[in-house]
Number of protein chains: 2
Amino acid sequence: MIQQNIKIAVDAIVFGYSNNTLNVLLIKQKYGVLENQWALVGGFVKDNEGLQDAVVRELKEEAGIDVDYLEQLYTFGDDVKRDPRFHVVSVAYFALVNNSVFTLIADTDAADARWFPVNNLPDLAFDHKAIIDLSIKRLQSKLSYQPIGFDLLSASFLFSELENLYCTILEKEIDRRNFRKKVLNFGFVEETNKFAPQKSGRPAKLFKFNHKKYRKLVEDGFVFEIKFA
Amino acid sequence: MIQQNIKIAVDAIVFGYSNNTLNVLLIKQKYGVLENQWALVGGFVKDNEGLQDAVVRELKEEAGIDVDYLEQLYTFGDDVKRDPRFHVVSVAYFALVNNSVFTLIADTDAADARWFPVNNLPDLAFDHKAIIDLSIKRLQSKLSYQPIGFDLLSASFLFSELENLYCTILEKEIDRRNFRKKVLNFGFVEETNKFAPQKSGRPAKLFKFNHKKYRKLVEDGFVFEIKFA
DNA sequence: CCAAAAGTGTTCACGGTACACCCATGC
DNA sequence: GCATGGGTGTACCGTGAACACTTTTGG
């Protein structure tokens, strides 16, 4: 059997969107090496545990949440000193939670959990800042060719919320009329007959994302893409 | 220090293109567990060795080559029994070699190395078949939005070779006139004043990919994209 | 002169972009 | 009645798609 002194960890970059702001979930562990240091949710993989299972477990243990979208991002292991204690390779996962989960983050036995706006992050452990930067790029590019924006909103949402989400994350201005036209033309964003009262101004229709319709369209060769000038 | 009995390996999926065929590099080790079994180039990461360094080393040791393009593909570790001996997580890398390297593959001390057409693969070790399938998908999609096709050709190439490469890998028919128009419009594919004699028919101009020009265009906001009906 | 592959322009349709005014509500 | 955000249609332009004949060489 091979001798090897490398440890495998997983880390999760969890994004949440609220009040026109993109946030990342960070934790401060209550004991251990990372005491008093903000870091991504994560930890070592257990023997006989799958990678994704490990992420799901850590998310539950350290932040008490289930996420709406989870995919592997990148494996960090070119710098053998990224963890100063010993050689650790970390498989980073990219996760999204919708608005209702966003409000539910609570401290757990293991850690204090808090949302931080992506443009106002505290100092972070290890190379976690670089990992977050990469995730943001991934989020930006995915937004253009996969309908993941909906995973950051509530089950029903206002068109203006969707539009603002795209504006905020992509840091672009978008023509409201063209955006609406394009999104509704897809056919999988449907209006409900409910309205949301506004602080001021005309009440707005609530819309929802029809997952079934989306999947059917994709089977029939539809390719999601949304671009801006 | 954490107790953990998981090993980290790297695997490389190396593509080469020749005679209108996409090939993958496979090896058959001369000793060890994988004797008489075709497999991807790969092996365990050494203590204090970076992941990418490990891939580069294995490529040299087992196939005697340097590649032209290398990027991380995916980390396989959800199935804890993917290697029946013990728990192994494998970081897979996607690599391309140009036509001149293609011809140079030779057996090394460690292994017999051979190219196999992707649609005529032998039985493979572990989950290597699934890894190759994923790589092919990645190659197909990358081809559309990154100029990596050039890494599979010689430094100078015929337009028809480029065109055939796209046709073969994407399994599509392409209009020659539109393809040529589009590619030349980019501005980074330049004709040389050399000609290649054909077996039959009119001699063809050789073209080359101007890396500097491409990089400059990208800096100025150019986004590569090439699609077909 | 025939076979084989290289080289070349034009027309049409669709989708993207730009752009400004009316509507419903709360105060 | 006014401030605030919601909701809507049209005209233009550029890019992508379809499509067929001429050129150069070798045998």
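Lettering follows sequence order; numbering is per chain, from 1. Computed from a prediction, not measured in an experiment: that's the story for all the values here.
Summarising the geometry, the separation between NZ on A:Lys227 and P on C:dG15 is reported as 15 Å, rounded to the nearest angstrom. Nucleotide C:dA18 holds its P atom 16 Å from the CZ atom of A:Phe179, rounded to whole Å. Between the C1' atom of D:dA17 and the CD1 atom of B:Ile226 lies a distance of 14 Å, rounded to the nearest Å. For A:Arg176 and C:dC23, the CZ to P distance is 15 Å, given to the nearest whole Å. The CG-P distance, from A:Leu184 to C:dG15, rounds to 16 Å in whole Å. B:Arg202 has its CZ atom 8 Å from the P atom of D:dT25, to the nearest Å. Put simply, CG on A:Asn164 is 8 Å from P on D:dG6, counting in whole angstrom units. What separates CG of A:Asn185 from P of C:dC14 is a distance of 14 Å, to the nearest Å.
Closest-nucleotide positions on DNA chain D for A:Asp175 and A:Pro203 were compared, and the one nearer the 5' end corresponds to A:Pro203. Mapping A:Lys181 and A:Ala204 onto DNA chain D by nearest heavy atom places A:Ala204 at the nucleotide closer to the 5' end.
A:Asn185 and A:Lys182 are not linked by any side-chain donor-acceptor pair at a separation below 3.5 angstrom, with hydrogens and angles left out of the test.
Not one N or O on the side chain of A:Ser156 forms a donor-acceptor pair closer than 3.5 Å with the backbone of A:Lys208. No side-chain donor-acceptor contact under 3.5 Å links B:Tyr166 to the backbone of B:Gly149.
For B:Phe15 and B:Tyr17, the gap between ring centers reaches or exceeds 6.0 Å.
A donor-acceptor contact under 3.5 angstrom links the side-chain atoms of B:Arg177 to the base of D:dA20.
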### Verdict with supporting geometry, B:Gln29 and B:Glu62, side chain to side chain donor-acceptor pair (under 3.5 Å)
CA-CA 8 Å; B:Gln29 285 174 347; B:Glu62 296 188 324; 2.9 Å; yes
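Here C:dA6 is the nucleotide among C:dT8, C:dA6, C:dA18 with the atom lying nearest to any side-chain atom of B:Gln198. The side chain of A:Ser160 lies closest to D:dG6 when the candidates are D:dG6, D:dG16, D:dG7. With C:dA18, C:dG7, C:dA24 as the choices, the nucleotide that has an atom nearest any side-chain atom of B:Lys205 turns out to be C:dG7.
At the heavy-atom level, B:Phe228 lies under 4.0 Å from the strands shown only through sugar-phosphate atoms.
A sub-4.0 Å separation between OP1 or OP2 of C:dA5 and a side-chain N or O of B:Lys199 is absent.
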